[in-house]
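Data first, discussion second: the structure below is written as structure tokens.
By convention in this document, chain letters (A, B, ...) are assigned in the order of the sequence lines, proteins followed by strands, and residues within each chain are numbered from 1. Source: prediction; values computed, not measured.
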Protein chains: 2
Amino acid sequence: MTFGHDATGLRSETVRRANLSAIVTELHLHGGLTRSELVARTGLTRGAIRGLIRELTAAELVAEQPSRQRGVPGRPSPVVLPRGDRAVVLALEIAVDSLAAAIVGLGGEVQRLVRTDRPRGHLEPDAIVDDLRRLARPLLAQVGADDLLIGAGMAVVGVVRSDDGLVHTAPNLGWTDVPLAGMVARALGVRAPVVVANEADLGGLAEHRRGAARGFDDVLYISGEVGVGGGIIAGGRPLAGASGYAGEVGHLPVNPAGTRCRCGSTGCWETEVGERAILARARANLRGGGRAMDRVLEDAAAGSPAAVDALRITGEWLGIGLAGLVNVLNPRLVVLGGLIGRIHPFVAGEVERAIATRTLSPARRDLRVVPAALGIDAPLLGAAEHAFEPLLADPATWVSPQDRALQLRSA
Amino acid sequence: MTFGHDATGLRSETVRRANLSAIVTELHLHGGLTRSELVARTGLTRGAIRGLIRELTAAELVAEQPSRQRGVPGRPSPVVLPRGDRAVVLALEIAVDSLAAAIVGLGGEVQRLVRTDRPRGHLEPDAIVDDLRRLARPLLAQVGADDLLIGAGMAVVGVVRSDDGLVHTAPNLGWTDVPLAGMVARALGVRAPVVVANEADLGGLAEHRRGAARGFDDVLYISGEVGVGGGIIAGGRPLAGASGYAGEVGHLPVNPAGTRCRCGSTGCWETEVGERAILARARANLRGGGRAMDRVLEDAAAGSPAAVDALRITGEWLGIGLAGLVNVLNPRLVVLGGLIGRIHPFVAGEVERAIATRTLSPARRDLRVVPAALGIDAPLLGAAEHAFEPLLADPATWVSPQDRALQLRSA
DNA sequence: CGGGTTTGTGTTCCTTTTGACCAAATGCTG
DNA sequence: CAGCATTTGGTCAAAAGGAACACAAACCCG
């Protein structure tokens with residue numbers, strides 16, 4: 001069962017929009033392709049590609065360079081490059097114990113990236129937004145007035161409504177109903193749209209576009225920080241749910257006889273595989289945060305029985321939750337990020353075993369479980385991808401009518 | 001996060017295909033619309049609609065009737081009706097204790113439907129396919145040689161690979177790796193394509209298109225028979241997963257301390273809310289099957305403490321599993337079908353309570369849990385919808401070039 | 001019966017892609 | 001180094017399809 005259509009009428013202008021979108025998306029994802037490669041990938045004719053590239057060049061979204069590729073017969077095809085120097089986004093992140101900002105260009109190149117430590121614990125929204133402003137200001141100053149700031153994307157450790165970027169709850173920050181998108185837009189003074197989404201959702205998006213899940217259409221990304229979050233790619237696109245809250249795997253009930261969760265429920269997955277659960281099993285300092293966790297991992301690597309045992313039990317619970325999710329979502333790839341990615345080497349066996357005994361055999365046959373490739377910056381990069389989305393979906397908005405008129409006159 | 005594009009070039013011909021698809025899909029889902037309603041729904045101009053309708057009329061996929069609607073000023077707009085008498089599909093179903101077949105016309109009208117009891121227990125694929133052939137033969141005989149048999153769709157209680165209709169496992173039938181689509185195609189001797197999918201997936205599709213979930217884009221359908229299955233609609237389209245195995249919610253681990261499941265795992269959701277679990281709690285005859293279950297429901301309705309208690313406990317487990325799925329998928333609507341739908345009146349309170357304590361508040365705010373509307377025929381109707389899919393996606397295949405040429409000559 | 005309103009019909013125009021032909025740029029071969 | 005094969009870009013006419021406009025038809029209402 002793979003289908004579904006949008007029952008909306010198309011106009012011939014729509015075709016151009018869709019084709020521009022196809023080209024810009026290909027270039028953004030692959031970083032640079034020859035015209036003839038674009039012909040092959042999009043299925044369009046050379047003539048059509050030529051016209052579209054000309055428009056994108058006029059809009060300064062792409063640039064052409066003489067071919068690099070040598071050694072093949074035939075006239076060389078010029079390379080079309082996304083202009084990451086002209087079309088950029090601002091990416092922001094509020095993580096558990098850091099804040100980050102980056103300027104990312106079309107094509108995915110990270111121009112600048114800054115990250116600062118943040119004390120754990122609750123902090124007023126205004127204070128954090130102000131910190132972000134200070135972090136982002138020098139980066140924004142670097143963006144020229146002529147450059148195209150497509151938008152700003154933001155990753156937050158919290159439950160975010162997709163419509164308007166309202167942070168509904170963020171237990172790690174002590175936030176409830178914070179209209180973050182609007183606050184950040186005002187603080188930065190940028191006119192470009194600000195989009196906010198959950199950290200794990202964006203981490204999954206980044207791993208899908210540029211990390212371990214590249215090329216896979218059905219992916220489950222699990223991100224462990226203090227809590228546990230998930231990002232789902234289904235059929236090549238992020239699974240948002242009705243209001244953008246999908247992927248909250250941390251509160252999957254796996255152990256009704258278990259311990260109380262901070263969400264009010266009992267036996268949530270997070271209570272078994274979250275940071276606190278691991279520290280408790282390893283009899284480490286529960287308030288030690290990241291440092292204590294580093295210690296546990298070092299001990300486990302050194303063979304300490306307490307640490308190894310703590311991770312082994314955690315791995316079993318990790319596998320139980322994953323098995324359920326695999327049965328429900330049938331992904332081709334599971335990507336483990338954050339803390340869960342770090343413990344992966346120690347728990348791979350337990351996870352494999354749990355999946356082997358608890359999932360339907362066909363669903364597990366082609367399944368692979370791998371650690372994340374992008375590390376700590378995954379959510380930040382995902383925020384950039386999120387911010388680029390309007391441009392990829394409809395570049396025509398940025399291809400000004402003046403450009404087209406000018407170009408037609410000169411032709 | 002709501003986006004995603006298909007990075008494929010569009011040709012000008014694609015526009016016509018897409019617009020034909022939009023019209024046929026609208027008509028199939030709504031059963032009959034005036035031209036002006038089609039203009040409003042598709043966003044196309046009157047002229048464009050006229051040309052497309054003319055083509056579809058020539059292909060005998062639709063027909064126009066003088067307007068029925070009276071009492072409004074202005075020229076009356078003719079009603080365009082899907083020709084359910086000419087374009088039809090064959091729907092088949094292998095349920096736990098019945099077989100069914102139906103002829104369904106474009107627009108969703110059920111022309112004929114037959115269902116026969118089937119003894120529970122294992123039965124050879126060949127035997128069942130033969131029974132289906134006998135069931136379907138008189139129905140197919142009714143389809144005229146000039147009529148368009150778009151395809152055949154089939155619902156099976158089992159895990160089905162979407163690519164080729166291979167039934168990977170069907171515990172209720174004792175099947176493993178049965179190439180059902182091909183077997184049925186040969187047995188029926190039809191040239192139209194045969195598509196096979198899981199019963200719960202198709203039940204969910206049917207409820208989405210024509211039942212309780214009409215108009216909702218994010219839906220979780222839960223179907224209880226002997227086991228428990230699920231069908232997921234995400235963003236308006238069925239969630240298939242990598243190979244079509246998504247939605248196997250029956251084996252979600254909810255109670256690691258629970259009883260052994262026939263899948264080999266322990267504490268699967270199915271072991272707590274499946275038919276067997278209910279019968280066991282009500283101390284009813286475990287081998288009594290459907291009859292015994294009817295008895296339990298009657299007793300509960302009459303107020304028997306044992307039955308009421310059995311259902312109450314079942315309701316708690318039902319709520320626990322649902323809460324997890326709601327957190328992961330963030331649906332707007334949960335539809336309970338089959339056995340789960342029948343016990344819904346008795347367990348609504350427990351389910352609401354479990355969801356209230358175990359899901360994130362924003363995800364539950366706009367959530368509704370309702371019983372299914374289509375009853376026992378939901379999977380069969382879903383199979384019909386599945387079979388219609390190629391026609392809805394690209395009606396141009398059925399609009400022959402001759403028709404177009406002929407019509408242009410006459411114009 | 002005439003005005004107001006809505007919608008079908010036909011014509012012309014616009015947009016966008018296609019396809020065919022030629023020119024250009026490269027590798028390969030003798 | 002000349003010539004050929006190959007691949008690709010450039011140009012222009014043609015085709016396809018929808019949009020826009022003007023007009024006619026069919027209905028309601030007073």
Side-chain angles (χ1 to χ4, degrees), chain A residues 8-23 33-57 62 64-80 394-396 399 401 403-405 407-408 410-411, chain B residues 8-23 33-57 62 64-80 395-396 399 401 404-405 407-408 410-411:
Chain A
T8 326
L10 258 53
R11 9 189 102 202
S12 40
E13 188 199 349
T14 320
V15 175
R16 192 174 199 80
R17 287 173 183 267
N19 288 342
L20 281 174
S21 167
I23 292 178
L33 295 165
T34 65
R35 277 207 206 178
S36 55
E37 282 170 330
L38 283 172
V39 167
R41 279 171 188 274
T42 60
L44 295 170
T45 58
R46 298 199 298 253
I49 291 285
R50 173 170 156 274
L52 296 165
I53 294 290
R54 183 186 284 186
E55 246 178 73
L56 292 171
T57 309
V62 308
E64 282 190 306
Q65 273 187 1
S67 172
R68 55 194 167 174
Q69 188 181 341
R70 303 246 145 199
V72 287
R75 177 172 175 170
S77 192
V79 177
V80 185
D394 188 10
V399 177
D403 286 351
R404 293 206 61 198
Q407 145 195 336
L408 290 175
S410 78
Chain B
T8 325
L10 259 53
R11 359 190 109 209
S12 38
E13 188 199 350
T14 321
V15 175
R16 190 171 202 80
R17 287 172 183 269
N19 288 344
L20 281 173
S21 166
I23 292 179
L33 295 165
T34 65
R35 277 205 205 177
S36 56
E37 282 170 330
L38 282 172
V39 168
R41 281 171 186 276
T42 60
L44 295 170
T45 58
R46 298 199 297 256
I49 291 287
R50 180 171 74 104
L52 296 166
I53 293 292
R54 183 186 285 185
E55 247 179 72
L56 292 171
T57 309
V62 308
E64 282 189 306
Q65 274 185 1
S67 172
R68 57 197 163 171
Q69 187 181 344
R70 302 248 144 197
V72 286
R75 177 172 174 171
S77 190
V79 177
V80 185
V399 176
R404 294 205 61 197
Q407 143 195 337
L408 291 175
S410 78

Just how far, in rounded Å, is [atom2] of [N] from [atom1] of [X]?
X: Leu38(A); N: dT7(D); atom1: CG; atom2: P; result: 18 Å
X: Glu37(B); N: dG8(C); atom1: CD; atom2: C1'; result: 15 Å
X: Asn19(B); N: dG17(D); atom1: CG; atom2: P; result: 10 Å
X: Leu33(A); N: dG9(D); atom1: CG; atom2: P; result: 13 Å
X: Arg17(B); N: dT17(C); atom1: CZ; atom2: C1'; result: 15 Å
X: Arg16(B); N: dT16(C); atom1: CZ; atom2: P; result: 18 Å
X: Arg50(A); N: dC21(C); atom1: CZ; atom2: P; result: 18 Å
X: Ile49(A); N: dT16(C); atom1: CD1; atom2: C1'; result: 13 Å

Roughly how far, to the nearest 0.5 Å, is the CZ atom of Arg75(A) from the OG atom of Ser36(A)?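 Taking OG in Ser36(A) and CZ in Arg75(A), the distance rounds to 11.5 Å.
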If you check every side-chain atom of [X], which of [options] has the closest atom?
X: Arg75(A); options: dA23(C), dA24(D), dA19(D); answer: dA23(C)
X: Arg35(B); options: dG19(C), dT9(C), dG4(C); answer: dT9(C)
X: Pro78(A); options: dG9(D), dT18(C), dT26(C); answer: dG9(D)
X: Arg54(A); options: dT26(C), dT11(D), dT7(C); answer: dT11(D)
X: Arg46(B); options: dA22(D), dT11(C), dG9(D); answer: dA22(D)
X: Ala48(A); options: dT7(C), dT17(C), dG18(D); answer: dT17(C)
X: Val15(B); options: dG8(C), dG18(D), dT8(D); answer: dG18(D)

Under 3.5 Å, side chain of Thr34(A) to main-chain N/O of Pro78(A), donor-acceptor pair present?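 No, the answer is negative, given that no donor and acceptor are paired below the 3.5 Å cut-off.
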Can you name the one residue among Ile23(A), Leu38(A), Ile49(A), Thr57(A) that meets side chain to side chain contact (heavy atoms under 4.5 Å, CB included) with Val80(A)?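 Testing Val80(A) for a side chain to side chain contact (heavy atoms under 4.5 Å, CB included) against Ile23(A), Leu38(A), Ile49(A), Thr57(A) leaves exactly one candidate, Leu38(A).
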Non-hydrogen atoms of Pro395(B) and Leu56(B) that approach each other most closely: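 The answer is CB-CD2, 4.5 Å.
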